[in-house]
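One structure is given here, and the rest of the page talks about it.
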Amino acid sequence: MNTVLHEFLTEVPTAAAIWSALLVLALTVLTVLVARPERDRPVGEATPAEPSPAVEQADLRRYAEEVAVAAARAARTAQRRRAAWEAAHEEVDRAWTAYDEAETAARRFAGAAALPAPRTPRTPAEYAGRERWLHQAAVAAHWRGELPVERLRDVFAHRDGWDPRRHPVQQEVLLARAVRDGRRDAYTSAAERERTAWRDAELAAEAARSLAAEAYAAAQRLRPGRLPAPRAVSVTARTAPAARWRPARVG
């Protein structure tokens with residue numbers, strides 16, 4: 001019994017030492033496996049191969065087709081913008097002609113305004129006739145396109161200087177001035193629209209010219225002999241870069 005106990009006590013420390021050594025060795029190997037060095041690129045790795053001439057030709061053809069489609073669309077847009085500007089320019093000419101006629105008429109009535117108004121009996125019937133004349137003249141000017149609807153409302157509301165008690169001669173002078181002012185405003189608005197249409201047409205034309213030039217250049221690159229000579233693929237051995245130590249990704 002003593003012999004068995006003696007052997008057990010003697011062998012246990014030895015076994016414990018062996019198991020400790022094995023555990024330390026396993027932990028060391030595991031640490032090396034987990035924290036292994038990663039290199040940017042293995043030594044002697046080949047550089048990426050250049051695309052073949054057929055692939056480059058297909059890419060160039062696809063690009064040329066896309067640019068050609070974009071250039072055609074830009075050309076159509078430029079034509080529409082040009083047509084819009086021409087229409088706006090014609091509108092400006094018409095607005096200026098109408099304003100010039102209204103200005104001439106207003107100047108012609110300016111001399112009449114300096115004369116005294118004819119004397120008429122100041123009776124309710126006279127005032128009613130004056131008001132009726134003013135309303136009819138304003139409506140007729142509105143239907144001719146000479147008086148905007150906002151000014152017509154002012155006439156019927158008797159505001160902004162429209163007094164139905166005035167003599168028809170005085171009312172005609174005021175009406176001529178109102179027509180002139182309305183046509184001047186219309187000309188100013190038309191001129192602003194024409195300037196905007198001109199800027200849009202110029203931008204569209206510039207975009208169409210740029211895309212047309214790019215489409216021509218892309219078509220030229222498709223011609224035989226325009227492709228660059230393929231470069232030889234070489235495998236060069238590079239000096240191994242310094243290893244970057246970092247934990248490996250699990251999985």
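All residue numbers in this chain count up from 1 along the given sequence.
Using a 4.5 Å cut-off on side-chain heavy atoms (C-beta onward), Leu175 and Trp162 make contact. Using a 4.5 Å heavy-atom threshold, the side chains of Arg153 and Arg159 count as touching. Side-chain contact check for His142 versus Val149: some heavy-atom pair is nearer than 4.5 Å. A heavy-atom distance below 4.5 Å is not found between the side chains of Arg199 and Glu202. Counting heavy atoms from C-beta outward, Glu214 and Tyr63 have side chains that approach closer than 4.5 Å.
Looking at Arg183, its side chain does come within 3.5 Å of a backbone N or O of Ala98 through a donor-acceptor pair. Arg166 contributes no side-chain N or O that, together with a main-chain N or O of Gln171, makes up a donor-acceptor pair within less than 3.5 Å.
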message = Determine whether Trp96 and Glu91 satisfy the following criterion, side chain to side chain contact (heavy atoms under 4.5 Å, CB included), listing intermediate values before the conclusion.
response = CA-CA 9 Å; Trp96 170 257; Glu91 183 183 357; over 6 Å; no
inquiry  = Please evaluate residues Asp163 and His158 with respect to the criterion side chain to side chain contact (heavy atoms under 4.5 Å, CB included), reporting the C-alpha separation (whole Å), side-chain torsions for both, the decisive distance (0.1 Å), and the verdict.
reply    = CA-CA 6 Å; Asp163 188 357; His158 304 158; over 6 Å; no
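No side-chain donor-acceptor contact under 3.5 Å links Thr196 and Arg193. Side-chain contact, Glu192 with Tyr187: no donor N or O sits under 3.5 Å from an acceptor N or O.
Between the CG atom of Asp200 and the CZ atom of Arg82 there is a distance of 13.5 Å, given to the nearest 0.5 Å. Going from atom CZ of Arg180 over to atom OG1 of Thr104 covers 11.0 Å, rounded to the nearest 0.5 Å. In this structure, the separation between CG on Leu211 and OG1 on Thr77 is 10.0 Å, given to the nearest 0.5 Å. Of the inter-residue distances, the one linking Arg165 atom CZ with Glu126 atom CD reads 13.5 Å to the nearest 0.5 angstrom.
Considering all non-hydrogen atoms of both residues, Ala71 and Ala212 come closest at CB-N, 4.1 Å.
Applying the 6.0 Å contact sphere to CZ of Arg209 captures more than 12 heavy atoms from other residues, nucleotides or ligands. Within a 6.0 Å radius of CZ in Phe156, more than 12 heavy atoms belonging to other residues, nucleotides or ligands are found.
Between His89 and Trp85, the two ring planes are parallel [angle under 30°; tilted spans 30° to 60°].
Under the 4.5 Å side-chain heavy-atom criterion for ILVMFWY residues, no single connected hydrophobic cluster contains both Val179 and Tyr99.
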